[in-house]
2 protein chains.
Amino acid sequence: MRDEIEFLAGYDPGSYPAVAVTVDVVALTVRDGQLCVLLVERGEQPFAGRRALPGGFVRDESLDAAALRELAEETGLRPGEGPLARVHLEQLQTYGDPGRDPRMRVFSVAYLAFAPSLPDPRAGSDAANAYWTPIERATGLAFDHDAIVADGLDRARAKLEYTPLATAFVGGEFTISELRAVYAAVWGEDLHAGNFHRKVLSVPGFVESTGETAARGGERGGPKAKLYRAGDAQLLHPALLRPTREDGVR
Amino acid sequence: MRDEIEFLAGYDPGSYPAVAVTVDVVALTVRDGQLCVLLVERGEQPFAGRRALPGGFVRDESLDAAALRELAEETGLRPGEGPLARVHLEQLQTYGDPGRDPRMRVFSVAYLAFAPSLPDPRAGSDAANAYWTPIERATGLAFDHDAIVADGLDRARAKLEYTPLATAFVGGEFTISELRAVYAAVWGEDLHAGNFHRKVLSVPGFVESTGETAARGGERGGPKAKLYRAGDAQLLHPALLRPTREDGVR
DNA sequence: TAAATAGTGTCTATGAGACACTATACA
DNA sequence: TGTATAGTGTCTCATAGACACTATTTA
């Protein structure tokens, strides 16, 4: 902050170019085996009619609080309650290139959210123009939001490897198969059922048994699966590494 | 950006509380086997006389460019040339809690830099109040900079595991021992020389041989080591995992 | 000559992944 | 009754780490 001298001496609210700070949220969920992202339709210029990430200006609140507030507004749910109580929110990155917003200098602090399958926001009134979109169809977004979604997807894929955050995509109780479906949806590739099962149970603190069993078996047959809930691990050790990433990534 | 309607309708430069965006850089280097961070001494209130991270207001430039500019100014070096040509810069996180700066709302985009051992900035004129400090003595900093340094250290430690960025701390040509010294300094623990040696050479693209041999052996004896330069890998596979982290980190 | 270091050899324990197999439940 | 799934057993290969050892260089 070595520019403070000049800053304090010459400060005048009108003399500096106005800057704004927003949060934009890359909210991910898995619906019907597909990884989906929450998008809103823009009504105003610029980019009117285009889809964009939900977001808005930061008020007198922390950045984390602003992200949670925006997510709650766009899903029509109440922060900290019900489905949103299990949401994982983390800061992704800040985007601030000059010209990324044609009106003025806007810095956007992007957040990444992992949510269990939420009710469709169309049902709500305030969030009527928000909806879940399969991530591969989330292209052509307003501003630089295509790049933000891509960065969020990269982060999400990596985080599933070494953290237990896949459990944030499922309900409070889940089967190993449901957890495997999350990995398959986020990574975009199937995993070997038997090896995945053994692996998940072998990682200390990843999941813990509830002692219960699912009420029904699989939709097309198969035994009733045991139920688990998230364990107390913050990191997976050893990690679940993605199978088909190119070695070395040159 | 759903608040744009109200934003555009009611916008008046003076009517909104002023916000500012700065970059602060956690610049790390290894000097004499110690991990050091670049700090500056503040001359102005608030926190006058306290140490802080180098940083300043973002101008009409990208965030990355602002971080590189600040780093160049505080080290007295020219961006993109000489020692700074090998610096690795990446965005760390953005800090924006209300009240983190007592004067106004300031959002700070923190950056993390890995630099080879640089000349002491005291020598320069413009950067006379900047100096490298062993990271364990970098406490009691201004603002929330203690927390930023801690977050940067966590990130740096993790990045050495799965990226070849340790090579950003050494010169263009280096021995395996020098690379091991970087790991030891950043992780704060010694590594087994023989196993480290074999491991580094076994990871595809981590380092490549120059064919040359160091001019001298070790300071206290030992054969002349072969020289290597950074390879073309972007990720280490398999990764070099830290030995003594607690399993699971509950 | 003593001590420290570069680099290699070898052994063991662990984990990833392939494959096979059973038991169970749904249509 | 056929088929899909839950969960387990087993084998192989790659890797981490412990330990030992030789060769080389400096003080």
Side-chain angles (χ1 to χ4, degrees), chain A residues 33 160-162 170 173-184 187 189-207 209-228 233 235-245 247-248, chain B residues 33 160-162 170 173-184 187 189-204 206-207 209-228 235-245 247-248:
Chain A
L160 288 208
E161 290 193 321
Y162 57 92
V170 293
E173 300 196 343
F174 51 87
T175 67
I176 303 293
S177 285
E178 288 168 354
L179 196 61
R180 178 162 47 85
V182 168
Y183 276 90
W187 285 350
E189 54 192 323
D190 288 330
L191 287 92
H192 181 104
N195 288 340
F196 181 85
H197 193 105
R198 185 165 356 99
K199 171 78 190 182
V200 166
L201 295 186
S202 78
V203 176
F206 191 0
V207 300
S209 174
T210 66
E212 305 291 310
T213 299
R216 280 185 44 91
E219 294 181 18
R220 296 187 296 246
K224 293 170 182 166
K226 293 178 189 166
L227 289 173
Y228 298 84
L235 288 173
L236 301 185
H237 191 68
L240 275 102
L241 298 179
R242 272 169 282 183
T244 58
R245 52 141 167 241
D247 263 17
Chain B
L160 288 208
E161 289 194 320
Y162 58 92
V170 292
E173 301 196 342
F174 50 87
T175 67
I176 303 293
S177 284
E178 287 168 354
L179 197 61
R180 178 162 48 85
V182 169
Y183 276 89
W187 285 350
E189 53 193 322
D190 287 330
L191 287 91
H192 185 282
N195 289 339
F196 181 86
H197 192 104
R198 184 162 0 94
K199 170 79 188 182
V200 166
L201 294 186
S202 78
V203 176
F206 190 2
V207 299
S209 174
T210 66
E212 305 292 309
T213 297
R216 279 184 45 90
E219 295 181 18
R220 295 186 298 246
K224 293 170 181 165
K226 293 179 188 164
L227 289 172
Y228 298 84
L235 288 174
L236 301 185
H237 190 71
L240 276 100
L241 299 180
R242 272 170 281 183
T244 59
R245 52 140 164 244
D247 263 17

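Chain A is the first sequence line, chain B the second, and so forth, proteins listed ahead of strands; every chain is numbered from 1.
In this structure, B:Val203 and B:His237 approach most closely via the heavy-atom pair CG1-N, 3.7 Å.
Separating the CG atom of A:Leu191 from the C1' atom of C:dA18 is a distance of 14 Å, rounded to the nearest angstrom. Between the OH atom of A:Tyr183 and the P atom of C:dG17 there is a distance of 13 Å, rounded to whole Å. The distance from atom CG of A:Asp190 to atom P of C:dA18 is 13 Å, rounded to the nearest whole Å. Spacing between atom CZ of B:Phe196 and atom P of D:dA18 amounts to 15 Å, rounded to whole angstrom units. Atom CG of A:Leu201 is separated from atom P of C:dG15 by 14 Å (rounded to the nearest Å). As rounded to whole Å, 21 Å separates atom P of C:dA13 from atom CG of B:Leu241. The CZ atom of A:Phe206 sits 16 Å away from the P atom of C:dG15 (whole-angstrom rounding).
With sequence neighbours excluded, no residue forms a side-chain hydrogen bond (donor to acceptor under 3.5 Å, both in side chains) with B:Asp190. Annotation: side-chain hydrogen bond (donor to acceptor under 3.5 Å, both in side chains) contacts of B:Arg198 (sequence neighbours excluded): B:Asn195. Residues passing the ring pair (Phe, Tyr, Trp, His ring centres under 6.0 Å) test with A:Tyr162, sequence neighbours excluded: none. Applying the side-chain hydrogen bond (donor to acceptor under 3.5 Å, both in side chains) test to B:Arg216 and every residue at least two apart in sequence or in another chain returns nothing.
Between the CZ atom in A:Phe196 and the CG atom in A:Leu201 there is a gap of 9.5 Å [rounded to 0.5 Å].
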task = Decide side chain to side chain contact (heavy atoms under 4.5 Å, CB included) for A:Tyr228 and A:Val200; before the verdict, give the C-alpha distance in whole Å, the side-chain angles of both, and the deciding distance to 0.1 Å.
result = CA-CA 11 Å; A:Tyr228 298 84; A:Val200 166; over 6 Å; no

Find every protein N or O atom lying less than 3.5 Å from an N or O atom of nucleotides 10-13 of chain D, and list the pairs.
{"residue": "D:dT10", "atom": "O4", "partner": "A:Arg198", "partner atom": "NH2", "Å": "3.4"}

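With DNA chain D read from its 5' end, the first of the two nearest nucleotides for B:Ala239 and B:Gly194 is the one closest to B:Ala239.
In terms of phosphate contacts, A:Arg216 brings a side-chain nitrogen or oxygen within less than 4.0 Å of OP1 or OP2 of C:dA27.
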Show which side-chain atoms of residues 177-184 of chain B pair as donor or acceptor with protein atoms under 3.5 Å away, not counting sequence neighbours.
{"residue": "B:Ser177", "atom": "OG", "partner": "B:Arg180", "partner atom": "NH2", "Å": "3.4"}
{"residue": "B:Glu178", "atom": "OE1", "partner": "B:Thr175", "partner atom": "N", "Å": "3.1"}
{"residue": "B:Tyr183", "atom": "OH", "partner": "B:Leu160", "partner atom": "O", "Å": "2.9"}

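At a threshold of 4.0 angstrom between heavy atoms, the contacts of B:Ala214 with the nucleic acid are absent. Within 4.0 Å (heavy atoms only), A:Ala215 reaches no atom of the nucleic acid at all.
Side-chain atoms of B:Thr213 do not come within 3.5 Å of backbone N or O of B:Lys224 as any donor-acceptor pair.
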request  = For nucleotides 1-6 of chain D, just jot down a letter per nucleotide in 5' to 3' order: B, S or -, based on protein non-hydrogen atoms under 4.0 Å.
outcome  = ---BBS

